[in-house]
Student: 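Dropping the structure in here first, questions after.
Keep in mind that the numbers below use all heavy atoms, side chains included, and drop hydrogens, waters and symmetry copies.
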Amino acid sequence: YMGWYQRRVHGDTKHNLKAFDHNLMNEETFGKGCYRFIRLFNLISGSGLAGVGVLQFFAGGAFNLLHFFVPFYFILFGLLILSAEFDFEFVELYFSFLKYPLGRAIFNIYMASLISPKISEIMEPINLIEAIIGATLLGIAFIYLIATCIEVSLLLHFLRVNRRARRRNKAKSYLAY
């Protein structure tokens, strides 16, 4: 069994792709400041989403199944965002799409579309909070989409470099005979 670095040296492209099977949302890719910024806003939006779910659950009014399930899912998905930020093992196991920037971007766009109120209802205090959290989720989703573009460009560059190295090695082996 060869490690990923040894495979990189030997030019094994199929196994080298597994070296990119990790989350690029870390300090090495974006720098310490940007990573902390994204993490802070993810923590704020996740806890805000759970908080809005609790407020909606107890602010109820007449009992309606929709008023019961939607706040429950806000709480659940808010806790899921928080869990993804703290790298809990069950998130990587059962919600593996949250490991990657594209998965997080799509999830944040979905949650922003659920929490964003109608424009006509935005002047109520809880709806204003929902609009702010929805805008935050959309902003984070935009950053994740940029990270996805960076990841794809890095992967394509890696494949090009690897292909050139294999061609050079093949040419050297022909010259050796």
Side-chain angles (χ1 to χ4, degrees), residues 17-156:
L17 293 178
K18 291 183 181 178
F20 276 89
D21 189 26
H22 67 286
N23 185 359
L24 284 182
M25 296 304 292
N26 55 28
E27 289 183 12
E28 290 128 22
T29 305
F30 281 98
K32 208 175 216 179
C34 187
Y35 176 72
R36 286 184 179 171
F37 173 78
I38 293 169
R39 186 175 170 105
L40 173 71
F41 276 96
N42 257 339
L43 293 174
I44 290 171
S45 64
S47 58
L49 193 61
V52 165
V54 169
L55 286 175
Q56 282 184 356
F57 189 75
F58 289 116
F63 181 75
N64 186 354
L65 282 179
L66 185 65
H67 292 310
F68 176 74
F69 284 111
V70 172
F72 174 74
Y73 281 111
F74 282 167
I75 295 168
L76 183 71
F77 289 148
L79 293 175
L80 185 63
I81 290 173
L82 291 173
S83 301
E85 275 306 309
F86 289 117
D87 294 327
F88 286 133
E89 192 173 317
F90 78 91
V91 173
E92 289 190 18
L93 185 64
Y94 297 111
F95 303 102
S96 61
F97 63 92
L98 290 176
K99 284 190 328 186
Y100 305 103
L102 181 62
R104 285 189 182 196
I106 292 171
F107 183 72
N108 281 347
I109 291 170
Y110 172 70
M111 289 310 303
S113 68
L114 279 182
I115 199 170
S116 297
K118 297 177 195 170
I119 302 274
S120 61
E121 299 174 351
I122 204 162
M123 294 312 289
E124 295 178 24
I126 192 163
N127 290 341
L128 185 61
I129 294 170
E130 290 174 359
I132 292 170
I133 293 171
T136 304
L137 286 169
L138 279 177
I140 293 169
F142 180 70
I143 292 171
Y144 282 140
L145 287 174
I146 291 172
T148 300
C149 294
I150 291 171
E151 182 178 6
V152 168
S153 67
L154 284 174
L155 180 62
L156 291 175

Student: Please enumerate all residues that pass side chain to side chain contact (heavy atoms under 4.5 Å, CB included) together with Ala112, with sequence neighbours excluded.
Tutor: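 In terms of side chain to side chain contact (heavy atoms under 4.5 Å, CB included), with neighbours along the sequence ignored, Ala112 is linked to Leu137, Leu138.
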
Student: Quick one: pull up CG in Leu98 and OH in Tyr144 and give me the separation to the nearest 0.5 Å.
Tutor: 8.5 Å

Student: Taking all heavy atoms of Ile140 and all of Ser45, pick out the closest pair and write down the distance.
Tutor: CD1-OG, 3.9 Å

Student: What's the spacing between Arg104 CZ and Lys99 NZ if we round to 0.5 Å?
Tutor: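 So the gap between those two atoms works out to 11.0 Å.
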
Student: Just how far is it from atom CG of Asn42 to atom CG of Leu49, taken to the nearest 0.5 Å?
Tutor: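 Asn42 atom CG to Leu49 atom CG measures 11.0 Å (nearest 0.5 Å).
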
Student: Taking all non-hydrogen atoms of both residues into account, name the closest pair between Pro71 and Gly53 and its distance.
Tutor: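 In this case the closest contact between Pro71 and Gly53 is CB-O, 3.2 Å.
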
Student: Excluding sequence neighbours, so at least two apart, what forms side chain to side chain contact (heavy atoms under 4.5 Å, CB included) with Leu40?
Tutor: Ile44

Student: Could you state the interatomic distance from OG (Ser116) to CD1 (Ile132), rounded to the nearest 0.5 Å?
Tutor: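 Result: 11.5 Å between the selected atoms.
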
Student: Side chains of Met111 and Ile133: closer than 4.5 Å at any heavy-atom pair?
Tutor: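 Counting from C-beta outward, Met111 and Ile133 never come under 4.5 Å.
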
Student: Which residues pass the side chain to side chain contact (heavy atoms under 4.5 Å, CB included) test with Leu43, sequence neighbours left out?
Tutor: Arg39, Leu82, Glu85, Phe86

Student: Can you label the angle between the Tyr110 ring and the Phe77 ring as parallel, tilted or perpendicular, going by 30° and 60°?
Tutor: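 Rings of Tyr110 and Phe77: perpendicular, as their planes differ by over 60°.
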
Student: Only counting residues at least two apart or in another chain, list the ones meeting side chain to side chain contact (heavy atoms under 4.5 Å, CB included) with Ile75.
Tutor: Val54, Leu79

Student: If I take atom CZ from residue Phe142 and atom CG from residue Leu145, how far apart are they, to the nearest 0.5 angstrom?
Tutor: 8.0 Å

Student: Quick one: ring pair (Phe, Tyr, Trp, His ring centres under 6.0 Å) partners of Phe88, sequence neighbours excluded?
Tutor: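 Counting only residues at least two positions away or on another chain, Phe88 forms no ring pair (Phe, Tyr, Trp, His ring centres under 6.0 Å).
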
Student: Under 4.5 Å between any side-chain heavy atoms of Phe97 and Ile106, yes or no?
Tutor: no

Student: With sequence neighbours excluded, what pairs up with Phe72 under the ring pair (Phe, Tyr, Trp, His ring centres under 6.0 Å) test?
Tutor: none

Student: Is the ring centre of Phe74 less than 6.0 Å from the ring centre of Phe57?
Tutor: no

Student: With side chain to side chain contact (heavy atoms under 4.5 Å, CB included) as the test, would you mind laying out the steps for Phe107 and Ile81 before giving the verdict?
Tutor: CA-CA 9 Å; Phe107 183 72; Ile81 290 173; 3.6 Å; yes

